[in-house]
Amino acid sequence: RALGPAAVAALPAVVGACADKDDRCLDLVPEVLVSLLAAWRGWAYRPSVATNVVVVNPDGGENKQLSGDIAEKLARALAAARRSTRTTALAGLVALSAAGVPVGKVGAVPVVGLLEDEDAAVRAQAVELLRGMGQTAAEQISVLIRRFGSRSPPDVRRSASAAVCAISEGSPEVVKVVVDRCYDGDDEGRATALLTLGRLPGGAGCDHTGVLTALLQHVSPLVRAAAVKALGLLQSQMTATVREAVVAGVLQALAVEAAKTEDLPADAIRAAAVEALAALKGAAALAARRLVEQLQVQSPALRQAASAALGALGPYAASQMGEISDLLYAEPPELRLIGCETLGRLGAYDTPEGTYAESVLEMLWDEKPLVSRAAALALPHFPTAASCTKGLARALKEQDRRYAAQEALGMMPEAGESMTVLLELVQSEEADLRRVAVSLLGRWGGPSQLPEVLPLLRDPDWWVRKAAVDAIAAMDPPGSRAHLAGALEDADWGVRAAATAAVRHCPEVAT
């Protein structure tokens, strides 16, 4: 160690001095070899160290033999009793492999065993070493895949999956073995195999992605979630043809009408399909077009699932808002309803002019109350929602639309143009309309609106009086307790209770 680079000349002697049956010497060899490699550049490990020092020409003469001897001794040390010996030997083999020394001949079995080590760094090094072992490591594929199951801890399953991906090199044979594992064994094994398939080069073949879309309908939520994630991982590899097939498979899962078993409701399958379409961002435009078609099917559950999927695609579905808006003028009314709901889910991607917000606003006056309500609840999701508040406030005058409009206005961040209409409505002859108007004034109004609210504390309808108390409490004007003094003695207990709760929070109160 003190000699540094000069000690490299001692490598043949170090290797030759290692007696096969002498465990003490075997324990020292990895430490000495790795120390010598590190000594070449300021005691810092670099992959190029082995190239410069140990194996300048690994294919020729003494260096080739020396490299082979070093690799063999380090491989034997992987089975040593001392943990430090095993980890140091592994580091040395990784260094040799990175330098281009063929380490496959030493055998992959002990390296595969290290995938079960409790140290994550050791498992990661084992994966890297398997990557450089070529065909020797490939022969252990079946052993690695057996570690996918529930008998292996989660960390071991992940390491085994990483090892399979590292040594596959896009091999069709490896992909086939992983695909077969997706169908066999326990749920943990299937889920691990699915995620492995998602990370494999060449895993986006049409036949293989068919496995993923089929397993979106699996009874286990663990398997369904893994299939969704794998599709997302593979989407960047997919060709146009494969994407077409994948979207068709996902839509088939989205269209499922009945459960396969009592433990698997159809909604769970549809939810997985929706998540898969959201994950397939590379195929999002194609998926969005297909989903718009599903908005017009007869099944209400499928229409809702397609609408939710379009919402999940977000900006990738924005280009379809024109086609979706066509549904606002379609028959039967259920299509107008789903059109309003879907545009609301995509409202954040409306044009700067608020093109689709205006279209949805028109639906407030639809003859069907459910369509009108859907339009009202969609409007707050548009960036130009403030310009729609006046229309919503006018909709309060019609009883069939009142509660939906009130709910929508309550979701608005600001009053917009509705304040003028609300100040008119508090003078309405209809008690319920006065109540709704004063409630909304309490949400947005301030002391300047107090003169319009105070007379309602003497309204004939107790519900209106209570709404006025709540509005004054929300406005919190100066002298709130004095304004509410009369309400504390109101004939109705509900009004008294509301006034008592309100004045309790007034700063000048001393009860």
Side-chain angles (χ1 to χ4, degrees), residues 213 216-219 221 224 228 247-280 284 286-314 316-318 320-349 356-357 359-382 395 400-401 403-405 407-408 411:
T213 55
L216 290 175
Q217 303 186 40
H218 194 273
V219 66
R224 294 197 302 273
V228 168
V247 172
V250 175
L251 289 175
Q252 185 177 0
L254 189 64
V256 66
E257 292 291 342
K260 289 185 176 181
T261 72
E262 294 181 358
D263 297 327
L264 182 59
D267 287 346
I269 297 175
R270 295 191 190 103
V274 166
E275 291 174 8
L277 286 171
L280 289 168
L286 178 59
R289 288 197 297 272
R290 294 292 182 83
L291 286 169
V292 172
E293 297 171 5
Q294 303 302 309
L295 292 175
Q296 304 178 51
V297 299
Q298 291 185 352
S299 167
L302 181 51
R303 289 198 301 268
Q304 284 296 330
S307 177
L310 285 164
L313 287 175
Y316 300 96
Q320 303 300 312
M321 291 180 74
E323 293 185 27
I324 297 169
S325 68
D326 291 341
L327 297 177
L328 300 180
Y329 311 101
E331 291 289 346
E334 288 79 4
L335 295 182
R336 301 198 295 275
L337 174 66
I338 201 69
C340 289
E341 291 178 347
T342 308
L343 286 173
R345 288 184 166 109
L346 296 171
Y349 311 105
Y356 301 113
S359 299
V360 173
L361 182 61
E362 293 177 14
M363 292 297 103
L364 271 176
W365 316 107
D366 192 273
E367 60 183 5
K368 296 295 182 181
L370 285 177
V371 176
S372 175
R373 183 176 188 276
L377 298 182
L379 285 171
H381 300 287
F382 288 86
D400 289 343
R401 297 169 173 79
Y403 298 115
E407 188 176 354
M411 296 166 61

CG-CD1 distance between Leu335 and Ile324, expressed to the nearest 0.5 angstrom: 12.5 Å
Distance in Å, Leu337 CG paired with Arg303 CZ, rounded so as to fall on 0.5 Å steps: 8.0 Å
Which atom of Ala276 lies closest to which atom of Val250, heavy atoms considered: CB-CG1, 4.0 Å
Where Ile338 and Gln304 come nearest, the two heavy atoms and their spacing: CD1-NE2, 3.5 Å
Distance-minimising heavy-atom pair for Ala318 and Tyr349: CB-CB, 3.7 Å
Glu362 and Leu328: CA distance, side-chain angles, deciding distance, side chain to side chain contact (heavy atoms under 4.5 Å, CB included) verdict: CA-CA 9 Å; Glu362 293 177 14; Leu328 300 180; over 6 Å; no
Nearest atoms (heavy-atom pairs only) where Leu291 meets Ala306: O-CB, 3.8 Å
Val219 backbone acceptor or donor facing Arg224 side chain under 3.5 Å: yes
Smallest separation among heavy atoms of Phe382 and Gly344, with atom names: CE1-CA, 4.3 Å
Atom pair OG1 (Thr342) and CG (Leu295), whose distance is rounded to the nearest 0.5 Å: 4.5 Å
Straight-line distance of Gln296 CD to Asp326 CG, nearest 0.5 Å: 9.0 Å
Donor-acceptor pairs under 3.5 Å, side chain of residues 368-381 to any protein atom, not counting sequence neighbours: which ones?
residue : atom : partner : partner atom : Å
Ser372  : OG   : Leu364  : O            : 2.8
Arg373  : NH2  : Glu407  : OE1          : 3.2

Shortest non-hydrogen separation from Glu341 to Ser307 and the atoms involved: C-OG, 4.3 Å
Residues Leu310, Arg345; criterion side chain to side chain contact (heavy atoms under 4.5 Å, CB included); working and verdict: CA-CA 8 Å; Leu310 285 164; Arg345 288 184 166 109; over 6 Å; no
